[in-house]
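Chain identifiers are assigned alphabetically (A, B, ...) following the order of the sequence lines, protein sequences preceding nucleic acid strands; residue numbering begins at 1 within each chain.
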There are 2 protein chains.
Amino acid sequence: MPDRHTLAEVERATRERVEHLPLDFTASHALLSLYRAANAVRGRLTNTVLRPNDLTWTGFLVLWTLWIWDSMETREVADSVGISKGTLTGVAKTLMARDLIERIPSVEDRRLVSLKLTPEGVRLMEEIYPEFNKTESTIVGDVSAEHLTVMTDSLRTLVESSEAE
Amino acid sequence: MPDRHTLAEVERATRERVEHLPLDFTASHALLSLYRAANAVRGRLTNTVLRPNDLTWTGFLVLWTLWIWDSMETREVADSVGISKGTLTGVAKTLMARDLIERIPSVEDRRLVSLKLTPEGVRLMEEIYPEFNKTESTIVGDVSAEHLTVMTDSLRTLVESSEAE
DNA sequence: CTCGTAACGTTCGTACCCAAACGATTTCAG
DNA sequence: CTGAAATCGTTTGGGTACGAACGTTACGAG
């Protein structure tokens, strides 16, 4: 039971505070809900599945990406996970220290480095991901299938709208 | 034009990689879209509106919260913004160094501290928020009104599902 | 009263997070 | 060929981000 203000209360207070301004409240509260939902979901998955396995959210996303795509060059991993390449350097260092991933320098272009799961990394993903996905399924379970489809499609539209510079 | 894999491509690759497992792909891709959308929106708003004004995302949220609610005790601010109270201490320090907020210790209960915008903080919010909201409106503009309503409601449901422990 | 307990904000250690600067490598124009 | 420009991953510096431990203050049972 969070003692914070609910999203509905924030919406009401916002209108009172700035109702004299010509603002798009619908957009504001849609994106506030987006931010809070992403935060809440991330926190829930981190606490129930990731932390017991000593993984961070970002570290897990890197592992998951490499699991799906087998091997990937670092800047692609960074872009796929949604972090800067500088951040990836640090995260990869952490994962390498645990022998979950390995670096593979390119022989054709010596500027390039690929990342790949180690057997131990594969083992960890095979163990963790079913549980991770089960929690995802639980979280999403309270939203009807039709609404979930609309939500997912709308979110993808937002990604495109935001990235169009 | 992002050179990363699109969400649709990730979805296809995921199915190929783990199709033999009994997983909830719908949930997985809904939440992946949620994470990416939140990241993209945050990045867009940060780059176009916040960074030119030397504000971080979290710093802005703290200012915005105090603007809406006038004055608030620190743990409420942290909860409202979605950060830990330890993080808030650091962010508040940064904002205080710029004279955008001020600390108000409680006289009745000397453990409590409230935060409040300074006149300069109010001035900054009055200047920035209309522009912030305008960008929000642009981002959301590609989603129809009906879909946006469904999306926002679904996101609120996700917040509740995630926070129910 | 008074001591145990709970609640507050801060501090601490570790890990992320970004933009900018950097050195190394490749490419391409002349 | 050769040097300027582009691209790669890393490093750097400052700012979040968290949980746990901490010192302070308030409260409640006896």
Side-chain angles (χ1 to χ4, degrees), chain A residues 3 35 38-40 42-48 50-63 72-98 100-116, chain B residues 3 35 38-40 42-48 50-63 72-98 100-116:
Chain A
D3 72 330
Y35 173 71
N39 243 15
R42 173 177 169 156
R44 169 75 176 277
L45 288 167
T46 297
N47 287 329
T48 60
L50 268 30
R51 196 185 312 287
N53 287 282
D54 205 26
L55 282 177
T56 63
W57 175 258
T58 305
F60 173 80
L61 287 184
V62 169
L63 294 179
M72 224 182 198
E73 290 170 7
T74 60
R75 77 196 171 295
E76 294 176 324
V77 175
D79 199 49
S80 181
V81 171
I83 58 179
S84 69
K85 50 189 189 164
T87 299
L88 179 61
T89 298
V91 175
K93 196 174 294 183
T94 301
L95 295 173
M96 276 191 297
R98 288 184 58 191
L100 296 175
I101 66 174
E102 56 184 338
R103 285 168 49 94
I104 303 178
S106 168
V107 283
E108 299 132 18
D109 187 336
R110 292 174 31 192
R111 295 171 301 182
L112 272 43
V113 177
S114 287
L115 299 180
K116 192 181 190 315
Chain B
D3 71 332
Y35 173 71
N39 243 16
R42 174 176 167 156
R44 169 76 176 277
L45 288 167
T46 298
N47 287 329
T48 61
L50 268 31
R51 197 185 313 287
N53 287 282
D54 206 26
L55 283 177
T56 63
W57 175 259
T58 305
F60 172 80
L61 287 185
V62 169
L63 293 179
M72 223 183 199
E73 290 169 7
T74 61
R75 77 196 172 293
E76 293 175 324
V77 175
D79 199 49
S80 181
V81 171
I83 58 179
S84 69
K85 49 188 189 164
T87 299
L88 179 61
T89 299
V91 175
K93 196 174 296 183
T94 301
L95 296 173
M96 276 191 297
R98 290 184 56 191
L100 296 174
I101 66 173
E102 57 184 337
R103 286 167 47 94
I104 303 178
S106 168
V107 284
E108 299 131 17
D109 187 336
R110 292 176 30 192
R111 296 171 301 180
L112 272 42
V113 177
S114 287
L115 299 180
K116 192 179 189 316

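Residue Val77(B) forms a side chain to side chain contact (heavy atoms under 4.5 Å, CB included) with just one option from Leu61(B), Val62(B), Ile101(B), and that option is Val62(B).
Using a 4.0 Å heavy-atom criterion, one finds that Asn47(B) contacts the sugar-phosphate atoms exclusively. Note on Thr46(B): nothing from the nucleic acid sits closer than 4.0 angstrom, heavy atoms only.
Using modelled atom types, no side-chain atom of Asn53(B) and backbone atom of Leu55(B) make a donor-acceptor pair closer than 3.5 Å. The closest donor-acceptor contact from the side chain of Asn47(A) to the backbone of Gly43(A) lies under 3.5 Å. With hydrogens and angles ignored, the 3.5 Å screen pairs no side-chain donor or acceptor of Thr87(A) with any backbone N or O of Ile83(A).
One atom, CD1 of Ile83(B), and another, P of dG15(D), lie 15 Å apart when rounded to the nearest Å. The nearest whole Å value for the distance from the CZ atom in Arg98(B) to the P atom in dG15(D) is 11 Å. Whole-Å rounding puts the Leu55(B) CG to dC17(C) P distance at 21 Å. Atom CG in Leu61(B) sits about 18 Å away from atom P in dG15(D), given to the nearest Å. Atom CG in Leu50(B) sits roughly 15 Å away from atom P in dC18(C) (whole-Å rounding). The interatomic distance linking Asp54(A) (CG) with dG13(C) (C1') rounds to 14 Å, in whole Å. Atom CE of Met96(B) is separated from atom P of dG15(D) by 14 Å (rounded to the nearest Å). Rounded to whole Å, atom C1' of dC16(C) lies 14 Å from atom CG of Asn39(A).
Across all their heavy atoms, Leu88(B) and Leu115(B) have their closest contact at CD2-CD1, 4.4 Å. Residue Gly59(A) comes nearest to Val91(A) through the heavy atom pair CA-CG1, 4.0 Å, listed as atom of the first residue, atom of the second, then distance. Smallest separation of non-hydrogen atoms from Val107(B) and Arg110(B): O-CG, 4.3 Å.
For dG19(D), one of the phosphate oxygens OP1 or OP2 lies less than 4.0 angstrom from a side-chain nitrogen or oxygen of Arg51(A). Look at Thr56(A) and you won't find any side-chain N or O under 4.0 angstrom from OP1 or OP2 of dA15(C).
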Reading 5' to 3' through nucleotides 2-12 of chain D, protein heavy-atom contacts under 4.0 Å coded B for base, S for sugar-phosphate only, - for none: ----BBSBBB-

